[in-house]
**Student:** 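My structure is below; once you've seen it, I'll send some questions.
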Amino acid sequence: EDAAEESNVSAELIAHRKRLVDEWNAWRARCKRDIADEKRSRGQRLDSGGGDGEKEEIE
Amino acid sequence: MRPILLQGHERSLTQIKFNAEGDLLFSCSKDHIINVWFSHNGERLGTYDGHNGTVWTIDVDSQSRFLVSGSADNQLRLWNVANGKCLYVWEFPTAVKRVAFNDDDESVVCITEQRMGHQGAIRVFKINRDGDGTDQPSEPEYMFNPVGSKATVCAFTYTPNLILTGHESGKVALFDIVTGSEVENNERAHMDTVTDLQLSPDRSYFLTSSKDKTARLHDTKTLRVLKTYTTETPLNSASLAPNRPYVLLGGGQEAMQVTTTSLRQGKFETRFWHKVLEEEVGRVKGHFGPINTIAVHPVGTCYASGGEDGFVRVHHFDESYFRAKPYGDLDIED
């Protein structure tokens, strides 16, 4: 079924989807960097709260 | 994907929530009761009994130690998850419509309704985690009255002191809880009441549902709308599926159409949309009335929906759900 669908969708649509996914992944990568930076800067400022910062990163 | 039917509520569900491990599912209802269930088999573990009105909202902390609930009896309650004991009761002039823990379990935010000369208010309580939990501060740490449209939903962001709110007008906003000021807003995030707001695991983006029949994905930092999922029914809830690129949407026409409802038995569907491609990928039927609340298991192995019909349905995903790549080999970041 999946194969059948694949052959039906145009190359244009596939390119469109690929672009959407690439944009999303690029944005996610930026987000993750931002959060890591923010947590790091907070951890440095609030030394006593450093333990909390580490706990948050476990997941 | 045969659903497990959780029968234990006598009236419509208002909110359901998994704990951090996903082994427990909490549900609250217009029948004044909060229930907790084992998510793997649907057995009821217990109830939290004490509210004297519709329980509108619940949240459980990340350690599954404390549960908070907000009710139409104007109370915010703190419960011991393990033994069902009520640890503390806060009383307000109006109903509590939404509660949420922050990410380190140390604060709870709640929205109280605007009614009878009382302004809608947002309060933040510091939760004292020492001892047995019964020694709580009676006064909020912060409180403010957001001006303009009523707030309907709220949640903490990953930035300390910054909360997200959704409003009756369709607005989505960021508030600084210390100053009570609106830091950022998107007035046109939705065209009608925001009914649900759920964050991604890292809280960097969030999903809202609205009576305007759409669900939308927003950037937490800028409140920019990233994605829109347009359906043909007012939506009551929207949830993100962890580890799969889907969002789950639920809603349905209100009680006005009861007569047609009985003819379309079990036709109220949870809609699965592709999070990034904004295309609908499937539907799961089941409820006999509008779907009021949806939650996905924290690792995405099952989801639950709570309906106007008084049932909670838990669906454990089949192997095929995890293998399926409806749009080919796309590698999508969560």
Side-chain angles (χ1 to χ4, degrees), chain A, chain B residues 20-22 61-63 102-107 129 156-162 199-206 217-222 224-228 240 242-243 245-247 273-279 281-282 298-300 320 323-334:
Chain A
E1 206 182 321
D2 283 355
E5 203 217 1
E6 246 168 75
S7 63
N8 284 336
V9 293
S10 66
E12 209 178 318
L13 188 55
I14 290 171
H16 173 67
R17 286 172 178 163
K18 173 133 189 2
R19 189 172 58 78
L20 288 178
V21 169
D22 288 347
E23 279 174 9
W24 173 265
N25 287 347
W27 178 73
R28 286 310 295 152
R30 268 203 312 280
C31 269
K32 283 169 188 170
R33 262 203 316 276
D34 283 356
I35 294 173
D37 287 352
E38 199 165 316
K39 281 195 173 153
R40 207 172 307 129
S41 67
R42 260 209 313 274
Q44 281 167 356
R45 263 187 280 122
L46 304 163
D47 253 349
S48 55
D52 286 347
E54 272 167 39
K55 226 188 291 168
E56 279 165 19
E57 279 168 32
I58 287 171
E59 40 167 41
Chain B
E21 286 78 26
D61 71 13
S62 67
Q63 302 168 22
N102 73 339
D103 55 2
D104 62 13
D105 302 328
E106 297 202 330
S107 299
R129 305 187 65 84
F156 280 96
T157 62
Y158 61 85
T159 312
N161 299 331
L162 217 51
L199 285 137
S200 68
D202 67 2
R203 303 193 183 217
S204 63
Y205 63 99
F206 63 99
L217 207 67
H218 318 251
D219 181 345
T220 304
K221 207 162 221 168
T222 62
R224 191 166 59 94
V225 172
L226 302 167
K227 301 287 171 184
T228 300
L240 293 154
N243 306 318
Y246 303 133
V247 294
W273 280 68
H274 196 288
K275 180 168 76 181
V276 176
L277 306 180
E278 300 171 293
E279 295 179 44
V281 292
V299 293
S320 64
R323 267 181 298 140
K325 289 182 176 166
Y327 299 100
D329 240 336
L330 299 170
D331 223 352
I332 298 164
E333 294 284 324
D334 210 17

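The structure displayed is predicted, hence computed values, not measured ones. We name chains A, B, ... by the order of the sequence lines, and we start the count at 1 in each one.
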**Student:** Taking side chain as everything from C-beta outward and backbone as N, CA, C, O, which of these in Asp22(A) sits under 4.5 Å from a heavy atom of chain B? Side chain, backbone, both or neither.
**Tutor:** neither

**Student:** Side-chain contact test, heavy atoms from C-beta onward, threshold under 4.5 Å: evaluate it for Tyr327(B) versus Val21(A) and give yes or no.
**Tutor:** no

**Student:** Please name the residue in the list Lys32(A), Arg28(A), Arg30(A) that meets the salt bridge (charged side-chain N to carboxylate O under 4.0 Å, His left out) test with Glu333(B).
**Tutor:** Lys32(A)

**Student:** Please report the interatomic distance CD1(Ile35(A)) to OG1(Thr220(B)), rounded to the nearest 0.5 Å.
**Tutor:** 8.0 Å

**Student:** Between atom CZ of Arg19(A) and atom CG of Leu277(B), what is the distance when rounded to the nearest 0.5 Å?
**Tutor:** 11.0 Å

**Student:** Is chain A contacted by the side chain of Asp334(B), its backbone, both, or neither, given a heavy-atom distance below 4.5 Å?
**Tutor:** backbone

**Student:** Under the side chain to side chain contact (heavy atoms under 4.5 Å, CB included) rule, what do His274(B) and Arg17(A) come out as? Steps first, then yes or no, please.
**Tutor:** CA-CA 11 Å; His274(B) 196 288; Arg17(A) 286 172 178 163; over 6 Å; no

**Student:** Could you check which of Arg203(B), Lys275(B), Lys227(B) has the highest count of heavy-atom pairs closer than 4.5 Å to chain A?
**Tutor:** Lys275(B)

**Student:** Nearest heavy-atom pair of Asp331(B) and Asn25(A): which atoms, and what distance?
**Tutor:** O-ND2, 2.7 Å

**Student:** Output the distance between atom CD (Glu279(B)) and atom CG (Leu20(A)), rounded to the nearest 0.5 Å.
**Tutor:** 8.5 Å

**Student:** Report the residues that fulfil side-chain contact (heavy atoms from CB on, under 4.5 Å) with Ser62(B), sequence neighbours left out, ordered by chain and then residue number.
**Tutor:** Asp105(B)

**Student:** Give the C-alpha distance, both sets of side-chain angles, the deciding distance and a yes or no for side chain to side chain contact (heavy atoms under 4.5 Å, CB included) between Trp24(A) and Leu330(B).
**Tutor:** CA-CA 11 Å; Trp24(A) 173 265; Leu330(B) 299 170; over 6 Å; no

**Student:** So, using side-chain contact (heavy atoms from CB on, under 4.5 Å) as the criterion, who are the partners of Pro298(B) when residues are at least two apart?
**Tutor:** Phe18(B)

